Amino acid sequence: MTDSAGSNGGTEPTGAGGPAGAAGGAGEGRRTVFLLAHTGRQAAIRSAELVVRGLVKSGLGVRVLEDEARDLPLPPEAELVAECTPEVLDGCELLIVLGGDGTLLRGAEFARGSGVPMLGVNLGHVGFLAEAERDDLDRVVDRVVTRAYEVEDRMTLDVMVRSNGDVVHRDWALNEAAVQKVSPERMLEVVLEIDGRPVSAFGCDGIVCATPTGSTAYAFSAGGPVVWPEVEALLMVPISAHALFAKPLVTSPDSVLAVEVQPGTLHGVLWCDGRRMLELPAGARVEVRRGAVPVRLARLHHASFTDRLVAKFALPVQGWRGAPHQD
């Protein structure tokens, strides 16, 4: 699973009467929204058409990548950009992402690098990162046009890889940084460390270091806990560990988590959000800490995380009578 849940940081209200730049975007002048869609899905193409039509009709500018524009029925008013970099969001108020989990995480790469808030519309399965479903497109357009949304910061991870003491790679993640084995017939031998002190050593299929946002993603599949949005923490979750003490660990958000690949084991791989991969030589050390730059998400409503969890996982709640009333 690569869906996400949980959040960290405060919210920034953006009311209809607020200034043009209140949501971190265009300031004075014409408001512009960037649209990112999974054009390989017919549902995304239809949804993009509806969103663009509604935004343009309301006087907002829409910017789209050229590669995606070829598959989208766009009006002539749409602005096309060639490069797939955070800079293409310059001057944009919002990034609207239409698609499944992979598309939303791709959008998060844009959002983090630019500081522009991301509003996700789920066209996939669970979609914890998404704020709306495909049936809500009219409401999404209306909320964007009237600026009736809030901006929330999500904790990220900064990831550093050392080999022979030298820093050989730096990366980041919104959901998780996962150290995994490569060979199916051999376990990955690792030593876990928290805040400069060793915790345990064992063989396993891998280790997931996650944010609260990623607590319902890979970490959840590996048996980790669901972390509520109000909790700031880092998670370390072993995958199929061959050890008596291999429980998920929840640490302070200021902790530094480290996974050392034992020198005598086969090499492993590092995956960040399931999108970026790096081969890890034997003896490599992966350090994970709270990211310096958050991802900003646009929120349309104040739904309870409990209700969101129940809805996303279709949890049975029959028989609930509610809290007792106090006289």
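Scope of the values below: all heavy atoms of this structure, side chains included, with no hydrogens, waters or symmetry mates. This is a predicted model, so every value here is computed, not measured.
Within a 6.0 Å sphere centred on CG of Leu244, heavy atoms belonging to other residues, nucleotides or ligands number 12 at most. In His242, the NE2 atom is not crowded: 12 or fewer heavy atoms of neighbouring residues, nucleotides or ligands sit closer than 6.0 Å.
Judged as a side-chain hydrogen bond (donor to acceptor under 3.5 Å, both in side chains), and not counting sequence neighbours, the contacts of Asp71 are Thr39. For Glu79, the salt bridge (Lys or Arg N to Asp or Glu O under 4.0 Å) partners are Arg63, not counting sequence neighbours. Residues satisfying the side-chain contact (heavy atoms from CB on, under 4.5 Å) test with Ala210, not counting sequence neighbours, are Glu176, Val208, Ala219, Leu235. By the side-chain hydrogen bond (donor to acceptor under 3.5 Å, both in side chains) test, Glu68 pairs with Arg106, sequence neighbours left out. Taking the side-chain hydrogen bond (donor to acceptor under 3.5 Å, both in side chains) definition, one finds that Ser255 meets it with Asp195, sequence neighbours left out. Remark: Arg134 engages no residue in a salt bridge (Lys or Arg N to Asp or Glu O under 4.0 Å) (not counting sequence neighbours). Under the side-chain hydrogen bond (donor to acceptor under 3.5 Å, both in side chains) criterion, Glu287 pairs with Arg162, Arg285, sequence neighbours left out. With sequence neighbours excluded, the residues satisfying salt bridge (Lys or Arg N to Asp or Glu O under 4.0 Å) with Glu133 are Lys312. Remark: Asp136 engages Arg139 in a salt bridge (Lys or Arg N to Asp or Glu O under 4.0 Å) (not counting sequence neighbours).
Sequence neighbours left out, the pairs with a member in residues 204-218 that pass salt bridge (charged side-chain N to carboxylate O under 4.0 Å, His left out) are Lys181-Asp205. Under the salt bridge (charged side-chain N to carboxylate O under 4.0 Å, His left out) criterion, no residue pair touches residues 241-258, with sequence neighbours excluded.
Under the 4.5 Å side-chain criterion, counting only non-hydrogen atoms from C-beta, Met187 is not in contact with Cys204. Using a 4.5 Å heavy-atom threshold, the side chains of Val97 and Val121 count as separate. Contact of the Val179 side chain with the Trp271 side chain is not registered, since no non-hydrogen atoms from C-beta on lie closer than 4.5 Å. The shortest side-chain heavy-atom distance between Phe202 and Pro238 falls under the 4.5 Å cut-off. Side chains of Tyr218 and Ile239 form a contact here, defined as non-hydrogen atoms less than 4.5 Å apart. Residues Val161 and Val167 have side chains not in contact (no heavy-atom distance under 4.5 Å, counting atoms from C-beta outward). Counting heavy atoms from C-beta outward, Asp142 and Thr146 have side chains that approach closer than 4.5 Å. Residues Leu65 and Leu36 are in side-chain contact: their nearest non-hydrogen atoms beyond the backbone lie under 4.5 Å apart.
In terms of heavy atoms, Val144 sits closest to Glu93 at O-OE2, 4.3 Å.
Using modelled atom types, one side-chain atom of Ser215 and one backbone atom of Val227 make a donor-acceptor pair closer than 3.5 Å. Asn122 places no side-chain N or O within donor-acceptor distance of the main-chain N or O of Ala130, the cut-off being under 3.5 Å. A donor-acceptor pair under 3.5 Å links the side-chain atoms of Thr211 to the main chain of Leu174, judged by distance alone. At least one donor-acceptor pair under 3.5 Å links the side chain of Glu131 to the backbone N or O of Leu300.
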Practice problem: Take Val226 and Phe305, measure what side chain to side chain contact (heavy atoms under 4.5 Å, CB included) needs, and give me the verdict at the end. | Solution: CA-CA 11 Å; Val226 174; Phe305 178 74; 3.9 Å; yes
**Prompt:** Which is it for Leu98 and His38 under the side chain to side chain contact (heavy atoms under 4.5 Å, CB included) test, yes or no, and what are the steps along the way?
**Reply:** CA-CA 6 Å; Leu98 308 174; His38 186 338; over 6 Å; no
Candidate pair Leu280 and His267, rule side chain to side chain contact (heavy atoms under 4.5 Å, CB included), full reasoning
CA-CA 6 Å; Leu280 300 173; His267 73 281; 5.6 Å; no
Requested in this report: Could you walk me through whether Arg170 and Asp158 pass the salt bridge (charged side-chain N to carboxylate O under 4.0 Å, His left out) test, one step at a time?
Outcome: CA-CA 8 Å; Arg170 295 180 185 272; Asp158 282 341; over 6 Å; no
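Ion pairing between a basic and an acidic side chain is recognised when a charged N comes within 4.0 Å of a carboxylate O; Glu150 and Arg299 show no such pairing.
Put simply, Leu188 and Val182 are part of two different groups of oily side chains (I, L, V, M, F, W, Y) that touch within less than 4.5 Å, one to the next.
Exactly one residue among Thr103, Asp101, Leu105, Val295 makes a side chain to side chain contact (heavy atoms under 4.5 Å, CB included) with Leu129. That residue is Leu105.
In this structure, Phe220 and Phe313 have parallel ring planes: the angle between them is below the 30° cut-off, well short of the 60° mark.
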Side-chain donor-acceptor pairs of residues 45-55 under 3.5 Å, sequence neighbours excluded:
unit_1 : atom_1 : unit_2 : atom_2 : d
Ser47  : OG     : Ala43  : O      : 2.8
Glu49  : OE2    : Arg53  : NH2    : 3.1

